[in-house]
Each structure stands twice: as C-alpha cells, then as structure tokens.
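Below, chains carry the letters A, B, ... as their sequence lines are ordered, and counting in each starts from 1.
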Amino acid sequence: MSAAKNINITLKIWRQKNSKAKGNLETYKLNDVSTASSFLEMLDQLNEQLINDKIEPIAFDHDCREGICGMCSLYINGRAHGPDTGITTCQLHMRMFKDGDTIFVEPWRSRAFPVIKDLVVDRSAFDRIQQAGGFVSVNTSGNTIDANATPIAKDDADKAFMAAACIGCGACVATCKNGSAMLFVGAKVSQYALLPQGKVEATNRVLNMVRQMDEEGFGNCTNTGACEVECPKGISLENIARMNREYLKASVK
Amino acid sequence: MAKSALLKSSIAKKYWMALTGLFLCLFLAGHLAGNLQLIFGDALQFNKYALFMTSNPAVKLLSYVTYISILFHAVDGFMLTYQNVKARPVGYAKSNPGANSSFSSRNMAILGTLILVFIVTHMVNFWAKMHFDKNMPLQTITVEAMGQKQDLYLTTNEGYLPVQQVAKSYDEATKSGLQTYIENRTEFYNTQAKVKVGEGYKDLHKITVAFFKDAKYGLIATILYVIAMAVLAFHLLHGFQSAFQSLGLNNPNWTPKIKFFGTAFAIVVPLLFAIIPVYIHFFLK
C-alpha cells in the first residue's frame, strides 16, 4: 500500500434543517485530509472545522465504524456507500479520492426513507417490514430446543447465512432507480425460508412482509441488478428470486 | 387476501409482466417465421399464410391472447413505472447508474413505449388493411398466352379467374353482363345464380412490398422499421432474462444459460425482422 498523503477536497453536501424544511446542497472546502482516513473521519474533520467556524455541524448516521452495524449510509458521488464495492461508508477510505476532487454527499433518497436532518434518514420502514414477519416464533418458557439440535444441510445453512449477512443499511433502496426494497426483503425472507425453523411460518411471513413493503411506499423491482452490485454484504439477486417463488407458493395456498 | 394479492402486490405485477412478456417473445418468434416467407417464399405462399393467420380458429384464439398480452404488458408497465417514479420524490443531484446497471434495464419503460408506438403504426399499416380495408387488392398473376398478356385472379381452390371477366360488384356485373362478381371483398360469385364459386387471396404481399418500395416513403419506412427493431433488441436484452428472475427462476446452473439464450434471442430475432424490409427495399426484383 502506498504511503498516506494529504489531499484538499471540495464537498457538496446536502443540508436540511429538519424533515419539513427544504434542503439544498452546500459547498465546503476541506484541506489536509489524510488519504488514510475513512470517509466518516473526513466528515468528523469537516464538522470540527464547521464548529470552529460557528456553523452547525453536519448530521450523519454512524455507529460501529467497522462495517457490521448497517448504520452509516450516504450517497457519495452518485453511488451508495461511495466509489467502491462490498463496503459500507465507514469502510470507504479517502485514498479512493484524488487531490482537488469535488465530492457529492447526499442522503438516501426514497419516499419510504424521509430525511430527518441533513444526511440522516428514517429507516424505520425496514423495522416495520421485519416486524411484519421477519422472525420465528419460539416458545421460550424453558424447554427451548437448541437450534443446533436440528440437522440442516450445509448448502442450505450457507445460503441462509449469506442472506442473513444483510445489515439493513438501505443501500439497495438508495441505489435502485425504483427505490425498491426487494433485496432487503428477499434476504430477510430467504434466511428463514431456507431453514426448517422458518418453514413453519413461511406462508404468512412472505405475504405479510411483502404487504408491509408495498405499504411503506417502496418502488417495484425491475431486475436492474443495481442493488446486488452496491450491497456492502454481497446479497445476491437469487434471494429476490427465492422471495418471488415463496410469494407465489404462499399466494396460491 | 391471497387472491387480491395476486393482482395488486408489487411481486404479482412482476409475475404478470414476466408471463405476458415471455408469451410475447413466443409471438415474436412465430411472427418472424411468417415474415421470413417474404424472403424465402413467393407471393402466393405468403398470402396463403396470411389467409391462414386470419381465418384459422386456433390462430384467432392465439391472436386474442396476444392483443390482451400487449395491452396488459403495457398497462402494467405504465402502472409500475408510475409507482416507481413516485417512490423517489426527491432525486439525486449526482447519480452514476452506469456503475451498477445496464442501459436496457434502466430504460425498459421508454423502450417499451417506443415499441408500443411502433406496434400501433405497424397494425395501422398492415393488420388493419388485412382485416378492414375494403380496397385490399386480391392476388393476381400475369400469364402470357398466344402472345397476349392476361391477368388472372388466383383462387383458394387452386383455380384461376381472368381479371377482365370479374366485376367489382353485383351492380357492375349486371350492367356489363359479366358472369362473375366479387362479394365480401374476397369471394367470387356467379352473377345469375348468386352462388359462391371461389375465393381469392388478399394480396398482403403486394401491400407489404409496395409499402417498403414506395418511391417517396419506402426508404424512411425501412429506416424507421430498422430503428424500431433496434429498440426491440434493447428491450429484449433485459426483458428476456428478467422475466425468469421475476418468476423466481434463478439458480447458478440455469441462470447463465438463460442469460446467454436471452442475449442471443434479443440480437437474432430483431436482426432477422430488420433484414426483411431492407431486403425488400434494396434488393427485391
């Protein structure tokens, strides 16, 4: 890896006071950004500069900063989680940019993800979809059977794990030209549909989750495949196909 | 709940788009096979085929399924597009969709609308003439007998009728004293007995050739047709394989084969369609 150096950049960042306000892109200049810093560290640096200049710092979502919590978002230079694949924004590094670059930073855009402030959007629509069926009902009165006691084919277990890798960040919705949430819902449906524990409630699960998805105002999938490319966890389109199969099965039951 | 969901839900709409789309792919293959007779067959063969396609009851049933599929595919497509536009009220200032999706996949609605416009003009130019035009010509052949050229109507029972001996209507026949007249656009009737003695072929071949060889508009018609087929190719490039994904048919074994076949279908079928008017305009006769 080449040694870190410092670059000067121009940022065009979406500023919006609250959910009701009309936002706009503001331009900020930031100098001496280390290429070894992460994108979020760069935003921290910018916020320090803004505070020193007595300007309200930029609100953006972040939590674990190691790519597993699904909290960070950001549409950077026209791409969800920025110009790299298989990563979240916290894993995006400033070495992906050049000295003198202008970088656009926008919030996820979807009717179902309203902006709360600046770059922070409300992703509770995902929670409501999950609550509509993304679970298995287990009696926890003390005689719970260990999940490992049920034999599961390695192939199925692997596929279920791959689907369960979804961190619910919403990049699929943000990058989809239709604002569709089908990769997310497909992953959540699949992770249970592949396992014996999930089969019991499979019919209601897929019907309820899809109904909730439609009610939230997400768009329809047209199989562009953009979600699969931008997903930080590499969730495959096969999960959407599996959800389509599950839905058809459930609908004709 | 399940019943209404099979029409209204976002996933059900995909099923319908896929099923109607795949049926229309079958229709395209059939239509192409028919059209290729313009290159590889003669006028009579083509007109016989046209008669079969407009009279056979099984074909009629299929044609209604085709009309319904086109309408459903278009209406469903417009509804999906409307909802999809609504799903993102505020767009991005900077977007780089080329980084993660194909041109075709992002422009299915506009490509589909262009195809719909083409279908309407195409039906006005050929389908409507075949079905409703009162002045649709009947197929004739010119034979030379004893140094004299004579035009003959071909009849569906493999017979001939000299054009000069057939009146255009019963009134004309009684006035001119001709033994035969044309009734119901294609049927030959005996003037005295008023009974059907034969039936001619609507000359769709002549209409088609004249359309693309027209001195004034033939070239532009040919160019527009080729453009329409290019649009169709882009629509199919995404549409064919997308239909399988929508129906839930995606697995590591079959999907690459479906994608390969879909790409071949999307290139070969529109290309063969496009070659036909080019052949007629530049090379026929």
Around atom [atom1] of [X], are there more than 12 heavy atoms of other residues, nucleotides or ligands at under 6.0 Å?
| X | atom1 | result |
| --- | --- | --- |
| A/Lys199 | NZ | yes |
| B/Lys259 | NZ | no |
| B/Tyr217 | OH | no |
| B/Met229 | CE | yes |
| B/Tyr64 | OH | no |
| B/Lys257 | NZ | yes |

With a 3.5 Å cut-off and no angle check, do the side chains of A/Asp214 and B/Ser9 form a donor-acceptor pair? no
Taking atom [atom1] of [X] and atom [atom2] of [Y], what is their separation to the nearest 0.5 Å?
| X | Y | atom1 | atom2 | result |
| --- | --- | --- | --- | --- |
| A/Leu248 | B/Lys14 | CG | NZ | 12.5 Å |
| A/Asn178 | B/Thr81 | CG | OG1 | 8.0 Å |
| A/Glu246 | B/Ile11 | CD | CD1 | 10.5 Å |
| B/Lys13 | A/Thr222 | NZ | OG1 | 13.0 Å |
| B/Ser95 | A/Arg109 | OG | CZ | 11.5 Å |
| B/Asn100 | A/Thr85 | CG | OG1 | 11.0 Å |

Is there side-chain contact between [X] and [Y], with at least one heavy-atom pair below 4.5 Å?
| X | Y | result |
| --- | --- | --- |
| A/Val229 | B/Ser101 | no |
| B/Lys8 | A/Arg211 | no |
| B/Ser105 | A/Lys177 | no |
| A/Leu237 | B/Asn250 | yes |

[X] (side chain) donor-acceptor with [Y] (main chain) under 3.5 angstrom:
| X | Y | value |
| --- | --- | --- |
| A/Asn223 | B/Ser242 | yes |
| B/Arg88 | A/Gly219 | no |
| B/Tyr92 | A/Ala174 | yes |
| B/Gln83 | A/Asn220 | no |

Any idea which heavy atoms bring [X] and [Y] closest together, and the distance?
| X | Y | value |
| --- | --- | --- |
| A/Gly179 | B/Ala87 | O-CB, 4.5 Å |
| A/Ile240 | B/Gln245 | CB-NE2, 3.6 Å |
| A/Arg245 | B/Gly248 | NH1-O, 2.5 Å |

Considering only heavy atoms, which portion of [X] lies under 4.5 Å from any heavy atom of chain B: side chain, backbone, both, or neither?
| X | result |
| --- | --- |
| A/Tyr75 | side chain |
| A/Asn77 | both |
| A/Pro107 | backbone |
| A/Cys221 | both |
| A/Ala80 | neither |
| A/Glu106 | side chain |
| A/Ile76 | neither |

Under a 4.5 Å heavy-atom cut-off, does chain A meet the side chain of B/Ser246, its backbone, both or neither?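 When you check distances to chain A, atoms from both the backbone and side chain of B/Ser246 fall under 4.5 Å.
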Counting heavy-atom pairs under 4.5 angstrom with chain B, the leader among A/Ser236, A/Gly225, A/Ala226 is A/Ala226
Whether B/Tyr15 and A/Tyr247 hold their rings parallel, tilted or perpendicular, with breakpoints at 30° and 60°: tilted
